[in-house]
A.B. asks: 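Once you've had a glance at the structure underneath, I'll fire off some questions.
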There are 2 protein chains.
Amino acid sequence: MRKAKQNALEKKGWKVGSAEEFLGLSEQEIAYIELKLELSRKLKASRTSKKLTQADLARVVNSSQSRVAKMEAGDPTVSIDLLVKSLLALGVSKKELGQAIS
Amino acid sequence: MRKAKQNALEKKGWKVGSAEEFLGLSEQEIAYIELKLELSRKLKASRTSKKLTQADLARVVNSSQSRVAKMEAGDPTVSIDLLVKSLLALGVSKKELGQAIS
DNA sequence: TCAGTGTATGTCACATATGACATACAAACA
DNA sequence: TGTTTGTATGTCATATGTGACATACACTGA
């Protein structure tokens, strides 16, 4: 964005910044969301590397295809607990989990 | 335990083994519990290093002293989500979180 | 075009986690 | 002894997460 444009907007009461600022999220909230997304990506990567469908994984973890989809999408209704349990069920070690968090 | 004693017990229908076997926990369940305990310990360490009481921390994370005590005790009713949120609120970075998991 | 396969999204009844409260325990100190 | 400060434990109404279901979307091959 051009600086002049930004100044113009700010005169009208807009703050120009990152998406986080726009949404009013604190640093902690951002870190929490990022953490969940990292686990989501790890889950999808683990699943696809084993050539399982979401429905397959759902069976393994006693859940449903739709919930697996939400896990992988980082849906706000999905807990870290469920992500961690699913990852462990896929055979991912605690160590790998720690490494997936960056 | 003496081997003879063990055999005697097993004849009576007891299986002699680790606590995990006794409780009938799977490897995944053990890993999950260990993970939670590691976060618990990290939380307590972070809190005490800042010279905060459990009540102090409770205020910071909008919880209660009793729940903080349960977090640090690895109580089964405490979610990983709550532990992670509390750790982040204490200023622990994602990176440190990952490293705390071993 | 249609059918099959995998994934995404919305909703809901039910299960689990939550903060709050009471109260017990432990250690330090007068 | 009693008092204070910090921590542990049990319970409960309510908030949040859950599996399940329906259904939409995306892609592939016939």
Side-chain angles (χ1 to χ4, degrees), chain A residues 23-26 28-90 92 97 101, chain B residues 23-26 28-90 92 97 101:
Chain A
L23 292 168
L25 299 179
S26 69
Q28 304 156 30
E29 289 166 329
I30 297 165
Y32 176 77
I33 291 171
E34 284 177 352
L35 179 42
K36 262 176 70 169
L37 289 177
E38 285 163 359
L39 294 177
S40 297
R41 286 191 284 269
K42 180 75 178 173
L43 183 68
K44 183 163 193 171
S46 301
R47 175 180 66 82
T48 55
S49 79
K50 298 205 163 184
K51 310 213 186 292
L52 299 175
T53 67
Q54 291 182 343
D56 291 336
L57 176 53
R59 254 168 253 125
V60 174
V61 301
N62 294 312
S63 183
S64 59
Q65 179 270 325
S66 59
R67 190 133 296 273
V68 171
K70 280 159 191 163
M71 284 193 231
E72 293 185 355
D75 188 290
T77 72
V78 170
S79 70
I80 293 184
D81 288 70
L82 188 60
L83 282 164
V84 167
K85 284 178 184 172
S86 301
L87 281 160
L88 292 175
L90 273 176
V92 176
L97 275 190
I101 300 171
Chain B
L23 293 167
L25 299 179
S26 70
Q28 305 156 29
E29 289 167 329
I30 296 166
Y32 176 75
I33 291 172
E34 283 177 352
L35 179 41
K36 263 177 69 170
L37 289 177
E38 285 163 359
L39 294 178
S40 297
R41 285 190 283 269
K42 180 76 177 171
L43 183 69
K44 183 162 192 172
S46 301
R47 175 179 65 81
T48 55
S49 78
K50 298 205 164 187
K51 310 215 186 290
L52 299 175
T53 66
Q54 290 182 344
D56 291 335
L57 176 53
R59 253 167 253 127
V60 174
V61 301
N62 295 313
S63 184
S64 59
Q65 179 269 325
S66 60
R67 191 132 298 273
V68 172
K70 278 157 192 166
M71 286 192 228
E72 293 184 356
D75 188 290
T77 72
V78 170
S79 71
I80 292 184
D81 288 69
L82 187 61
L83 281 164
V84 167
K85 284 178 183 170
S86 301
L87 281 160
L88 293 175
L90 273 176
V92 175
L97 274 190
I101 300 170

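Sequence lines set the chain letters: A, B, ... in the order given, protein chains first and strands last, and positions in each chain run from 1. Keep in mind it's a predicted model, so treat the numbers as computed, not measured. Worth knowing before you read on, the calculation uses all heavy atoms, side chains too, and leaves out hydrogens, waters and symmetry mates.
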A.B. asks: Does the protein touch nucleotides 8-20 of chain D at the base, only the backbone, or not at all? Give it as B, S and - per nucleotide, heavy atoms under 4.0 Å.
C.D. replies: BBBB-----SBBB

A.B. asks: Taking atom C1' of C:dT5 as reference, at what distance in whole Å does atom NZ of A:Lys51 sit?
C.D. replies: 17 Å

A.B. asks: Would a 4.5 Å heavy-atom cut-off, applied to side chains only, mark A:Leu39 and A:Leu43 as touching?
C.D. replies: no

A.B. asks: Testing the basics here: between A:Gly74 and A:Leu37, what is the closest heavy-atom pair and its distance to 0.1 Å?
C.D. replies: CA-CD2, 4.1 Å

A.B. asks: Should A:Val61 and A:Leu82 count as side-chain neighbours, where that means a heavy-atom distance under 4.5 Å?
C.D. replies: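 They are not in contact (no side-chain heavy atoms under 4.5 Å apart), so the answer is no.
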
A.B. asks: Only one of B:Leu87, B:Leu90, B:Leu83, B:Ile101 forms a side-chain contact (heavy atoms from CB on, under 4.5 Å) with B:Lys42, so which one is it?
C.D. replies: B:Leu87

A.B. asks: What's the shortest heavy-atom distance between A:Leu25 and A:Glu29, and which atoms?
C.D. replies: CA-OE1, 3.2 Å

A.B. asks: Among A:Gln65, A:Lys44, A:Lys70, which residue satisfies the side-chain hydrogen bond (donor to acceptor under 3.5 Å, both in side chains) criterion with A:Gln54?
C.D. replies: A:Gln65

A.B. asks: For A:Arg67, give me all partners under salt bridge (charged side-chain N to carboxylate O under 4.0 Å, His left out), at least two apart in sequence or on another chain.
C.D. replies: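 Here no residue qualifies.
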
A.B. asks: Hey, what bend do you get for the helix from C:dT1-D:dA30 to C:dA30-D:dT1 if you fit axes on five pairs at each end, rounded to 10°?
C.D. replies: 30°

A.B. asks: Mind calculating the distance between CG (A:Leu52) and P (C:dT5) to the nearest angstrom?
C.D. replies: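 So the CG-P distance, A:Leu52 to C:dT5, works out to 17 Å.
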
A.B. asks: Does the side chain of A:Lys36 come within less than 4.5 Å of A:Tyr32's, by heavy atoms?
C.D. replies: yes

